Enquirer: 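Below is a structure I'd like to ask you about.
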Amino acid sequence: MEKRVVFKSAWLPYALVAPQIAITVIFFFWPAIEAVYYAFLVQDPFGLSSHFVWFQNFTELFASPEYLDSFKTTAVFSVLVAALGMSIALLLAAMADRVIRGSLAYKTMLIWPYAVAPAIAGVLWAFMFSPSIGIVTYYLLKLGLNWNWVINGNQAMLLVVMAAAYKQVSYNFLFFLAGLQSIPRSMIEAAAIDGASPVRRFWTIIFPLISPTTFFLLVVNIVYAFFDTFGVIDATTQGGPAAATEILVYKVYYDGVKAADLGGSSAQSVILMFIVIALTVVQFRFVERKVQY
Amino acid sequence: MKDATTALMVENRPIADFIAHAILILGVIVVAFPLWVTFVASTRTFDEIVNVPMALTPGTHLIDNYRQALTAGSERGSSAPVGTMLMNSAIVAFCIAVGKIAISIISAFAIVYFRFPLRKFFFWMIFLTLMLPVEVRIIPTFEVAADLKLLDSYQGLILPLIASATATFLFRQFFLTIPDELVEAARIDGAGPMRFFFDVVIPLSRTHVAALFVILFIYGWNQYLWPLLITQKESMYTVVIGIKRMIAAGDASNEWNIIMATAMLALLPPALVVILMQKWFVKGLVDSEK
């Protein structure tokens with residue numbers, strides 16, 4: 001879509017886009033190109049010299065069990081975060097769509113966690129589930145469950161999944177509720193008159209109708225779990241124990257910043273770039289943006 | 001009387017309604033529980049917290065803990081005062097939100113209201129930033145910031161984050177819906193493009209700006225990886241980074257009462273923004289995903 005009537009000026013439009021273009025070139029494109037370039041280099045241990053090695057960094061990555069494990073960890077983590085965050089949000093949205101009294105109060109009290117930074121959410125959950133002083137840990141032990149995410153990889157994964165899904169429930173809830181409320185009431189009422197129970201109506205009418213919302217949220221949640229959960233991991237498990245929660249973005253940070261492996265970390269950056277590109281294409285090509293029926 | 005737009009008028013299922021309320025109340029409790037535990041811990045002494053299990057009622061050290069956090073910080077781990085960090089977070093979040101809106105609204109205006117060579121090219125460049133989050137260019141971006149002497153500075157915390165494809169798209173979509181008659185009228189009145197921008201476009205965009213501001217303020221406040229990379233001085237920490245630096249040692253040696261007070265201070269400003277500006281927040285969230 002284009003404007004029929006436009007202004008004319010030889011320099012003004014360039015001046016107007018200049019700030020944004022300057023930022024994108026200096027802080028996005030130039031570093032991204034450098035990252036691609038570094039991915040083909042190997043540095044000596046002191047960082048004094050480097051030489052071009054073609055695809056050696058990539059072949060080493062795909063030959064390394066740690067990197068392949070990190071892929072698996074990321075896959076498990078994202079699926080769990082998306083599944084947990086979305087199923088709880090859908091349940092709550094379906095209930096909120098039904099109630100009349102207090103619906104605004106429920107909504108307010110369910111959406112505030114969106115404001116909690118992933119790192120802070122990590123601190124909150126790590127404190128409740130702390131092996132020695134956690135309040136939840138204490139009651140789990142009373143129930144006979146020995147909870148210690150510092151040494152147990154599965155429990156560590158569960159902790160970061162809960163902390164990461166926490167704020168995402170709010171986001172999913174809002175979009176599911178909007179999707180549910182845009183379904184024509186007459187359709188539901190017709191089914192109700194025919195004697196279909198609320199549960200049956202949900203699975204045969206409502207759930208299929210909100211599938212565009214569900215698919216949209218699935219993509220958004222996967223992107224979130226891949227890229228925005230760095231804070232959760234860094235503030236709690238730091239990838240441990242024994243790399244059980246080392247997702248790709250944590251590994252690229254750790255290898256590059258802490259372990260100073262420039263080539264290896266940059267090669268991981270390039271692989272991550274391909275993943276973001278793929279996810280963005282899916283988001284723009286296949287996701288129906290507007291929730292309508 | 002029930003509201004016909006939300007209630008089904010054709011059935012009355014008190015048990016189903018009861019279950020709905022029960023599940024919602026349970027959801028509210030589960031969501032609020034971590035906040036409550038944090039609040040309680042922030043009002044108790046260190047000894048009361050490590051003496052398991054901590055009672056779930058507020059203690060008596062609320063003022064002591066918050067005063068220590070704000071003015072002195074934790075005695076172990078990072079010891080910067082949280083007051084400074086909150087100020088840094090507020091400055092950074094505010095400038096990121098304003099900066100993103102400002103540079104996005106003018107570039108969208110240029111792309112919609114002018115025809116010029118490279119117009120499409122610039123548009124695609126802005127679009128491509130969506131595919132280049134900090135996470136995929138950590139070290140080179142850090143190097144650029146270091147070369148430009150941006151480490152440990154507000155400019156460094158703010159500038160690299162103010163490009164925004166999402167905000168540019170949003171404004172572009174909106175400008176396309178502004179009737180062409182307004183431009184024609186402005187031109188007949190002899191108004192130039194900038195006059196039109198300030199007198200017509202900006203006033204019409206008010207609601208979009210407000211909604212975006214709420215979302216972007218929260219985005220800026222909650223930034224983690226970038227501030228972590230470019231701040232070394234404690235005086236430049238934002239609160240989200242600062243709290244992580246306080247958690248240095250094992251469970252029993254962290255000053256949990258101070259950390260939890262800091263956590264409350266770190267999450268309350270954005271949470272209040274969501275609650276008090278709920279209408280704008282929801283609009284911003286939905287708009288920016290279109």
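In the text below, chain A, chain B and the rest are named by the order of the sequence lines, each starting its count at 1. Just so it is clear, the model here is predicted, and its values are computed rather than measured. Note: hydrogens, waters and symmetry copies are ignored here, and every other heavy atom, side chains too, is used.
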Enquirer: With only heavy atoms counted, which part of Leu92(A) is less than 4.5 Å from chain B, the side chain, the backbone, both or neither?
Expert: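 Its backbone and side chain both get close to chain B.
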Enquirer: Identify which of Pro34(B), Pro269(B), Pro270(B), Ala41(B) forms the greatest number of heavy-atom pairs closer than 4.5 Å to chain A.
Expert: Pro34(B)
Enquirer: Go through the atoms of Met128(A) and report whether side chain, backbone, both or neither lie under 4.5 Å from a heavy atom of chain B.
Expert: side chain
Enquirer: Using non-hydrogen atoms only, which part of Val36(A) is less than 4.5 Å away from chain B: side chain, backbone, both, or neither?
Expert: neither
Enquirer: Which atoms of Ile135(A) are under 4.5 Å from chain B, going by heavy atoms: the side chain, the backbone, both sets, or neither?
Expert: side chain
Enquirer: Please flag which part of Thr108(A) lies under 4.5 Å from any non-hydrogen atom of chain B: side chain, backbone, both or neither.
Expert: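 The answer is both parts of Thr108(A).
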Enquirer: Based on non-hydrogen pairs under 4.5 Å, which of Val282(B), Leu228(B), Leu128(B), Val30(B) is most in contact with chain A?
Expert: Leu228(B)
Enquirer: Going by atom type alone, with no hydrogens or angles, which donor-acceptor pairs under 3.5 Å involve a side-chain atom of residues 254-261 of chain A and a protein atom two or more places apart or on another chain?
Expert:
from      : atom 1 : to        : atom 2 : distance (Å)
Asp255(A) : OD2    : Lys251(A) : NZ     : 3.3
Asp255(A) : OD2    : Gln268(A) : NE2    : 2.8
Asp261(A) : OD1    : Gly264(A) : N      : 3.0

Enquirer: If you count heavy-atom pairs under 4.5 Å between each of Phe227(A), Tyr139(A), Phe29(A), Phe173(A) and chain B, which one has the most?
Expert: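 Sorted descending by pairs with chain B, the first entry is Phe29(A).
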Enquirer: Specify which of Leu229(B), Val31(B), Leu24(B), Leu56(B) makes the most heavy-atom pairs with chain A at under 4.5 Å.
Expert: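 Option with the top pair count is Leu24(B).
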Enquirer: Answer with side chain, backbone, both or neither: which region of Ser266(A) has an atom nearer than 4.5 Å to a non-hydrogen atom of chain B?
Expert: neither
Enquirer: Do Phe33(B) and Val136(A) have side chains that approach each other closer than 4.5 Å (heavy atoms only, starting at C-beta)?
Expert: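 They are in side-chain contact.
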Enquirer: Are the side chains of Val276(A) and Pro133(B) in touch, meaning some heavy atoms are under 4.5 Å apart?
Expert: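 Yes. Closest side-chain heavy atoms under 4.5 Å.
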Enquirer: Who wins among Leu262(A), Ile111(A), Val249(A) for the most heavy-atom pairs under 4.5 Å with chain B?
Expert: Ile111(A)
Enquirer: Leu150(B) versus Phe27(A): any side-chain heavy-atom pair under 4.5 Å?
Expert: yes
Enquirer: How long is the straight-line distance from NZ of Lys244(B) back to CD1 of Ile120(A), given to the nearest 0.5 Å?
Expert: 12.5 Å
Enquirer: If you count heavy-atom pairs under 4.5 Å between each of Ala163(B), Pro193(B), Ala110(B), Ala271(B) and chain A, which one has the most?
Expert: Pro193(B)
Enquirer: So, taking the atom named CE in Met131(B) and the one named CG in Leu272(A), what distance separates them when rounded to the nearest 0.5 Å?
Expert: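 Answer for the CE-CG pair, Met131(B) versus Leu272(A), is 14.5 Å.
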Enquirer: Taking the side chain as C-beta and beyond, is there a heavy-atom pair between Arg187(B) and Phe7(A) under 4.5 Å?
Expert: yes
Enquirer: Are any non-hydrogen side-chain atoms of Thr141(B) and Trp30(A) less than 4.5 angstrom apart?
Expert: no
Enquirer: Nearest 0.5 angstrom please: Tyr224(B) OH to Asp234(A) CG, how far?
Expert: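 Rounded to the nearest 0.5 Å, the OH-CG separation comes to 3.5 Å.
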Enquirer: For Leu248(A), is it the side chain, the backbone, both, or neither that has a heavy atom closer than 4.5 Å to a heavy atom of chain B?
Expert: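 Leu248(A) has no heavy atom closer than 4.5 Å to chain B.
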Enquirer: Does the side chain of Ser265(A) come within less than 4.5 Å of Ile139(B)'s, by heavy atoms?
Expert: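 Yes; the side chains approach each other to less than 4.5 Å.
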Enquirer: Can you tell me which portion of Ile277(A) sits under 4.5 Å from chain B's heavy atoms? Options are side chain, backbone, both or neither.
Expert: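 Backbone plus side chain of Ile277(A), per the 4.5 Å heavy-atom cut-off to chain B.
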Enquirer: Among Val273(B), Ile111(B), Ile25(B), Leu118(B), which residue has the highest count of heavy-atom pairs closer than 4.5 Å to chain A?
Expert: Ile25(B)
Enquirer: Any side-chain donor paired with an acceptor under 3.5 Å for Tyr38(A) and Glu143(B)?
Expert: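 Result is yes, a qualifying pair exists.
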Enquirer: Are the side chains of Thr24(A) and Phe122(B) in touch, meaning some heavy atoms are under 4.5 Å apart?
Expert: no
Enquirer: Quick check on Trp112(A) against chain B: is it the side chain, the backbone, both or neither that has a heavy atom closer than 4.5 Å?
Expert: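 It is both, since atoms from each part get that close.
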Enquirer: What is the distance from atom CG of Leu225(B) to atom CZ of Phe230(A), rounded to the nearest 0.5 Å?
Expert: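 Leu225(B) CG to Phe230(A) CZ: 5.0 Å, rounded to 0.5 Å.
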Enquirer: Run through Val136(B), Val134(B), Val144(B) and flag the one making a side-chain contact (heavy atoms from CB on, under 4.5 Å) with Pro31(A).
Expert: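 Testing Pro31(A) for a side-chain contact (heavy atoms from CB on, under 4.5 Å) against Val136(B), Val134(B), Val144(B) leaves exactly one candidate, Val144(B).
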Enquirer: Do the side chains of Asp17(B) and Arg98(A) get nearer than 4.5 Å, heavy atoms only?
Expert: yes
Enquirer: So, taking the atom named CG in Leu285(B) and the one named CZ in Phe175(A), what distance separates them when rounded to the nearest 0.5 Å?
Expert: 4.5 Å
Enquirer: Roughly how far, to the nearest 0.5 Å, is OG of Ser9(A) from CZ of Arg115(B)?
Expert: 14.0 Å
Enquirer: Any idea which of Leu12(A), Ile275(A), Asp228(A), Val252(A) has the most non-hydrogen atom pairs under 4.5 angstrom with chain B?
Expert: Leu12(A)
Enquirer: Which one of Val123(A), Leu91(A), Thr137(A), Val6(A) has the most heavy-atom pairs closer than 4.5 Å to chain B?
Expert: Val6(A)
Enquirer: Give the member of Met95(A), Gln20(A), Glu34(A) that has the highest number of heavy-atom pairs under 4.5 Å with chain B.
Expert: Gln20(A)
Enquirer: Once ring-ring contact (aromatic ring centres under 6.0 Å, His included) is applied, do any residues pair with Phe114(B), and if so which ones, sequence neighbours excluded?
Expert: none
Enquirer: Classify the ring geometry between Phe127(A) and Trp256(B) as parallel (under 30°), tilted (30 to 60°) or perpendicular (over 60°).
Expert: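 Rings of Phe127(A) and Trp256(B): tilted, as their planes differ by 30° to 60°.
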Enquirer: Non-hydrogen atoms of chain B under 4.5 Å away: do they reach the side chain of Tyr166(A), the backbone, both or neither?
Expert: side chain
